[in-house]
Asker: 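Here it is: the structure, laid out below.
Residue numbers begin at 1 in each chain, while the letters A, B, ... track the order of the sequences. Predicted, not measured: the structure shown is a model, and the values here were computed from it.
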Amino acid sequence: MAIATQGTASNYLQRAPSPSGLADVLDLILDKGLVIDVYLRVAVIGIELITIDARVVIASIDTYLRFAEAVNRLDLTQTEAAGLAELRGGGSGEKAKGALEGAKDAITGNGKRDKSRSN
Amino acid sequence: MTMGTASRVASYVYGVARSDVAPSVGAGVAGGDVRLVRHRGIAALVSDVPSDGVRARRRDLLAHSDVLQSAFAAGTVLPLRFGTVFADDDAVANELLGDRHDALERLLDELDGTAELSVRASYVEEAVLAEIVREDARVARLRAASRNVELGEAVAAALSAKRERDTSEIVSAVEPLARDLVIEELREPYEVVRASFLVEQRQLSSFDRAIESVARERAGVVVVRCVGPLPPHSFVRLGGS
C-alpha cells in the first residue's frame, strides 16, 4: 500500500478514502474499537515505539531552545512575501497568557518522553 | 461450518456486522481466510490464528483494518480492537454474539448509515514560525536580541495560542455536520488537531466541502489530512465499557 489510493492531495488538504498506511491505522485499531473480554489478547510486540504516549511537552528548557533554534534559522526575507497576503490581525500578544496556561494543562500529570527509539 | 478440531487454532475476530454482510475477500491477520460466524441475525468476521498467539506485524495491522474496511463498504460494521481472539467459533457465537446480542444489535442500528472521518492537521514548521515572528512583536524582539530561552518560551506560548484558534476553527467548521466527535490528545509539537467525527453518509460531501474550505483558509501554514469514510472505530461502545 503506497500513496493514498484515489485520494486527492493539495498543499493544504490530503484526502485518503481509506487508511493508506500504518500511521493511519495504528490509533484506530490499537486504541479504538470494541474491547471484549476474551480468551486471549494478541501480543502486540514492537508497536510501543509508535504508540508511545508522547504528549506535547512544551514547557521545558529543552523545547524552548529547540523552538528558538528553529526561529533563528528562519530566513524571513523568503517568508515575508508569502505572509503579507494574509496579514489579518488577530493580535497574538494578549493571547499569550492564556496559552501558557493551556500548555501547562497539557503537561501536568505527564512528563513521559519518548526514549525507546531503538535498541 | 469450519474445521472444529483443527489443531491449535483460535478464532480471531475483526468486527461484528449483520449476518447478511458479504464475507470479506482477501487474507486476514496471520494470513487466514476471513469467514462469518453467524448467530441470530448478527455475524462476526473471523479468521483462524495460531492459538498460542500471533504477533502484530505491520501486515497484520493493515489486514485487520482492510478486512473491516471491506466489510464496511458493504454495510454497517462494528470494529473490534486489534488482537481479539476467542478459543473457537463456538466461543465467538456464544460469548460474543450470544451474550451481547441485544447490545450489539442496538449498536448496529445506531450506527447504520454513518462513517468515521479522521482528521489530523499539522503546522508547516517554517511557515508557522515565520507567522509568529511577524505577528508577535515580543518574539521578534527576543529573536533580534538572541535571548534564546525567553525566545523559545515566547514562541511556545504564541504557538499554543495559535493552535487553540486553529483547532477551534477546524473543529467548528465540521462539527455541525457530525453526529459525534472525539478529540484526541496531541503528540507532536507542531500538531494542530487530531480528531474523529461520526458523520452520516448523506453528510459526507458537505463534510468534505467544509474541511476543504477551512483547510484552504490556512493553506501554506497548516496541512490537513482527512481519512475516511471509515468504519466507526472511535464510536463503538457497549454500555459500561
Asker: Taking all non-hydrogen atoms of both residues into account, name the closest pair between B:P189 and A:F67 and its distance.
Answerer: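 Minimum heavy-atom separation between B:P189 and A:F67: CB-CZ, 4.3 Å.
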Asker: Minimum heavy-atom separation for B:V223 and A:Q14, please, with both atom names.
Answerer: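 Shortest heavy-atom contact: CG1-NE2, 4.1 Å.
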Asker: Side chains of B:L151 and A:N72: does their closest heavy-atom pair fall under 4.5 Å?
Answerer: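 The answer is yes; the side chains approach within 4.5 Å.
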Asker: Counting only non-hydrogen atoms closer than 4.5 Å, does A:V25 touch chain B with its backbone (N, CA, C, O), its side chain (CB onward), both, or neither?
Answerer: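 Side chain of A:V25 only, per the 4.5 Å heavy-atom cut-off to chain B.
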Asker: For the pair A:D31 and B:R187, find out whether any cationic side-chain nitrogen is under 4.0 Å from an anionic carboxylate oxygen.
Answerer: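 Result for this pair is yes, salt bridge flagged.
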Asker: In terms of side-chain heavy atoms, does A:Y64 have a donor or acceptor partner in B:E150 at a distance below 3.5 Å?
Answerer: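 The criterion, which ignores hydrogens and geometry beyond distance, is not satisfied for B:E150 and A:Y64.
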Asker: Is B:R81 reaching over with its side chain to a backbone N or O of A:I29, donor-acceptor style, under 3.5 angstrom?
Answerer: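 Checking the backbone N and O of A:I29 against the side chain of B:R81, no donor-acceptor pair under 3.5 Å is found.
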Asker: Measuring only between side-chain heavy atoms, which start at C-beta, is A:D27 closer than 4.5 Å to B:R120?
Answerer: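 Of all side-chain heavy-atom pairs linking B:R120 with A:D27, at least one is under 4.5 Å.
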Asker: Can you tell if the side chain of A:L22 reaches within under 4.5 Å of the side chain of B:L62, non-hydrogen atoms only?
Answerer: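 A side-chain contact under 4.5 Å exists here.
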Asker: Chain A heavy atoms under 4.5 Å from B:V133: which part of the residue, side chain, backbone, both or neither?
Answerer: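 Side chain only.
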Asker: Taking the side chain as C-beta and beyond, is there a heavy-atom pair between A:L34 and B:T84 under 4.5 Å?
Answerer: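 No; the side chains remain at least 4.5 Å from each other.
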Asker: Do B:L230 and A:K32 come within less than 4.5 Å of each other through their side chains, counting heavy atoms only?
Answerer: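 Of all side-chain heavy-atom pairs linking A:K32 with B:L230, none is under 4.5 Å.
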Asker: Drop me the distance from B:L117's CG to A:R15's CZ, to the nearest 0.5 angstrom.
Answerer: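 B:L117 atom CG to A:R15 atom CZ measures 11.0 Å (nearest 0.5 Å).
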